[in-house]
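Hydrogens, waters and symmetry mates play no part in the numbers below; they use all other heavy atoms, side chains included. Here is the naming used below: chain letters follow the sequence lines, and residue numbers restart at 1 for every chain. Everything numeric in this text was worked out from a predicted model, so none of it was measured.
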Protein chains: 2
Amino acid sequence: MSKVKVSSTNFANKAALSDECSEVYAANIIGGQWSLAIIAWLMNGKLRFGQLKKLLPGITERMLTLQLRKLEDNKIVTRVVHAEVPPRVDYELTTIGYELKPIIDQLSIWGDKHKGL
Amino acid sequence: MSKVKVSSTNFANKAALSDECSEVYAANIIGGQWSLAIIAWLMNGKLRFGQLKKLLPGITERMLTLQLRKLEDNKIVTRVVHAEVPPRVDYELTTIGYELKPIIDQLSIWGDKHKGL
DNA sequence: TAGGGTACTATAAAAAATGTAAGTAATGTC
DNA sequence: GACATTACTTACATTTTTTATAGTACCCTA
């Protein structure tokens with residue numbers, strides 16, 4: 001996940017589209033397999049790594065870590081490490097992270113409508 | 001793209017998440033590399049295969065075909081073949097397809113805001 | 001001293017998505 | 001008959017994403 005080939009056509013295509021369309025740009029940021037689910041859970045407030053893990057049955061620790069890092073890199077979540085043993089790490093949405101709510105709401109509304117077809 | 005392994009963990013995870021969260025369900029439907037861009041262009045009205053191709057620099061015919069098929073399967077677009085030579089095929093959003101507009105709008109708004117950070 | 005809890009990291013492999021290159025069908029024009 | 005046009009299809013290669021499995025560090029408790 002962290003090693004994309006910046007010389008690939010795929011990379012160039014994504015970059016070009018992201019540049020032109022803000023909606024594609026946004027979709028690329030929140031578009032991992034688990035990202036939206038993580039964000040949705042965090043909408044209710046901060047959670048620890050382990051809590052997220054329990055809330056997302058099937059996710060591996062590696063995936064959770066990767067997605068959280070990506071979200072952190074994109075300033076969607078903040079990561080706060082407490083100097084304790086055993087370790088405790090809190091994840092919380094940033095301001096711009098919380099502002100994803102309208103998107104999630106619209107996706108949810110549309111998804112429900114589409115399911116009913 | 002058409003051969004997903006229904007026995008894979010990945011498939012199971014996606015299905016489970018889609019089931020629980022309508023927003024993830026929606027994201028899975030509109031979430032190909034080019035899907036959103038295609039949908040965004042079609043928001044202004046129907047387009048031919050070749051027109052879409054021109055509007056999306058970098059896309060290959062194969063990818064365009066695949067994405068359009070997926071959108072068609074998901075009832076986002078309709079495909080109308082005109083019995084002419086050379087062939088002419090029109091793609092147009094369905095009702096539920098046009099209803100994706102709020103999502104695209106919100107993504108666009110958020111994307112712009114995020115770019116400005 | 002052994003084991004437990006927490007949040008990771010490293011490495012490999014599998015699966016999925018995307019790209020490349022070539023070919024097809026039908027018909028009208030030169 | 002060769003060629004152009006359009007919307008594909010097919011076989012294959014590459015890239016990206018996700019999963020699997022096994023570790024690590026830290027201190028506390030028994």
Side-chain angles (χ1 to χ4, degrees), chain A residues 1-17 24 27-38 46-54 56-70 72 77 79-91, chain B residues 1-17 24 27-38 46-72 77 79-91:
Chain A
M1 192 161 186
S2 29
K3 35 187 162 180
V4 282
K5 201 165 184 179
V6 298
S7 64
S8 73
T9 304
N10 186 281
F11 182 85
N13 281 338
K14 243 178 206 158
L17 265 183
V24 174
N28 282 341
I29 288 184
I30 61 175
Q33 164 102 67
W34 304 91
S35 296
L36 257 186
I38 292 172
K46 77 170 99 169
L47 289 169
R48 303 180 52 174
F49 185 87
Q51 291 179 302
L52 280 168
K53 198 174 122 189
K54 273 182 206 116
L56 299 165
I59 199 171
T60 60
E61 303 195 334
R62 175 177 147 77
M63 258 301 120
L64 184 50
T65 301
L66 284 178
Q67 303 279 357
L68 285 170
R69 288 284 186 279
K70 184 183 167 193
E72 201 192 346
V77 304
R79 176 168 177 270
V80 178
V81 183
H82 300 275
E84 304 172 1
V85 169
R88 182 159 68 91
V89 182
D90 282 329
Y91 290 94
Chain B
M1 191 159 188
S2 30
K3 33 187 162 180
V4 283
K5 202 165 185 179
V6 299
S7 63
S8 74
T9 304
N10 185 280
F11 182 86
N13 282 339
K14 244 177 205 159
L17 267 182
V24 174
N28 282 341
I29 289 183
I30 60 175
Q33 164 103 62
W34 305 91
S35 296
L36 259 186
I38 293 172
K46 77 171 99 168
L47 289 169
R48 301 179 53 173
F49 185 88
Q51 292 178 303
L52 280 168
K53 199 173 121 191
K54 273 182 206 113
L55 289 169
L56 300 165
I59 199 171
T60 60
E61 303 195 333
R62 175 181 144 77
M63 262 300 122
L64 183 50
T65 301
L66 285 176
Q67 302 278 355
L68 285 170
R69 287 284 186 279
K70 184 185 167 193
L71 292 175
E72 200 192 347
V77 304
R79 177 169 176 269
V80 177
V81 184
H82 300 275
E84 305 171 2
V85 169
R88 182 159 66 91
V89 182
D90 283 328
Y91 289 94

Provide, to the nearest angstrom, the distance between the [atom1] atom belonging to [X] and the [atom2] atom belonging to [N].
X	N	atom1	atom2	value
A:Met63	D:dT21	CE	C1'	14 Å
A:Ile59	D:dT18	CD1	P	10 Å
B:Trp34	C:dA17	CH2	P	16 Å
A:Leu66	D:dA20	CG	P	14 Å
A:Lys70	D:dT16	NZ	P	13 Å
B:Leu68	D:dT6	CG	C1'	14 Å
A:Gln33	C:dA14	CD	P	19 Å
B:Leu52	D:dA7	CG	C1'	12 Å

Of the options D:dT9, D:dA20, D:dT18, whose atoms approach the side-chain atoms of A:Gln67 most closely? D:dT18
Rounded to the nearest 0.5 Å, what separation is found between the CG atom of A:Leu68 and the CD1 atom of A:Ile38? 4.5 Å
Classify the side chain of B:Arg62 versus the base of C:dT18 as yes if they form a donor-acceptor pair under 3.5 Å and no if they do not. yes
Between A:Arg69 and B:Val6, the residue closer to the 5' end of DNA chain C by nearest nucleotide is A:Arg69
Could you go through nucleotides 4-7 of chain C and list every protein N or O atom that sits under 3.5 Å from one of its N or O atoms, giving the distance for each pair?
residue	atom	partner	partner atom	Å
C:dT6	O3'	A:Arg48	NH2	3.1
C:dT6	O3'	A:Pro87	O	2.9
C:dA7	OP1	A:Arg48	NE	3.0
C:dA7	OP1	A:Arg48	NH2	2.9
C:dA7	OP2	A:Gly50	N	3.0

Touch class at under 4.0 angstrom, heavy-atom based, for A:Ser8 against every strand present: sugar-phosphate
Please classify the nucleic acid contact of A:Thr9 as base, sugar-phosphate, or nothing, using heavy-atom distances under 4.0 Å. sugar-phosphate
Just wondering, do B:Trp34 and B:Leu66 contact through their side chains at under 4.5 Å, heavy atoms? no
May I ask you to evaluate whether A:Lys5 reaches the phosphate of D:dT17, defined as a side-chain N or O under 4.0 Å from OP1 or OP2? no
Under 4.0 angstrom between A:Asn13 side-chain N/O and C:dG19 OP1 or OP2: yes
Test of understanding: with salt bridge (Lys or Arg N to Asp or Glu O under 4.0 Å), list the residues that count as partners of A:Glu84, not counting sequence neighbours. A:Arg88
Heavy atoms only: give me the nearest A:Gln67-A:Ser35 pair and the separation to one decimal. OE1-OG, 2.8 Å
Which atom names give the shortest non-hydrogen contact between B:Leu64 and B:Lys53, and what distance separates them? CD2-N, 3.8 Å
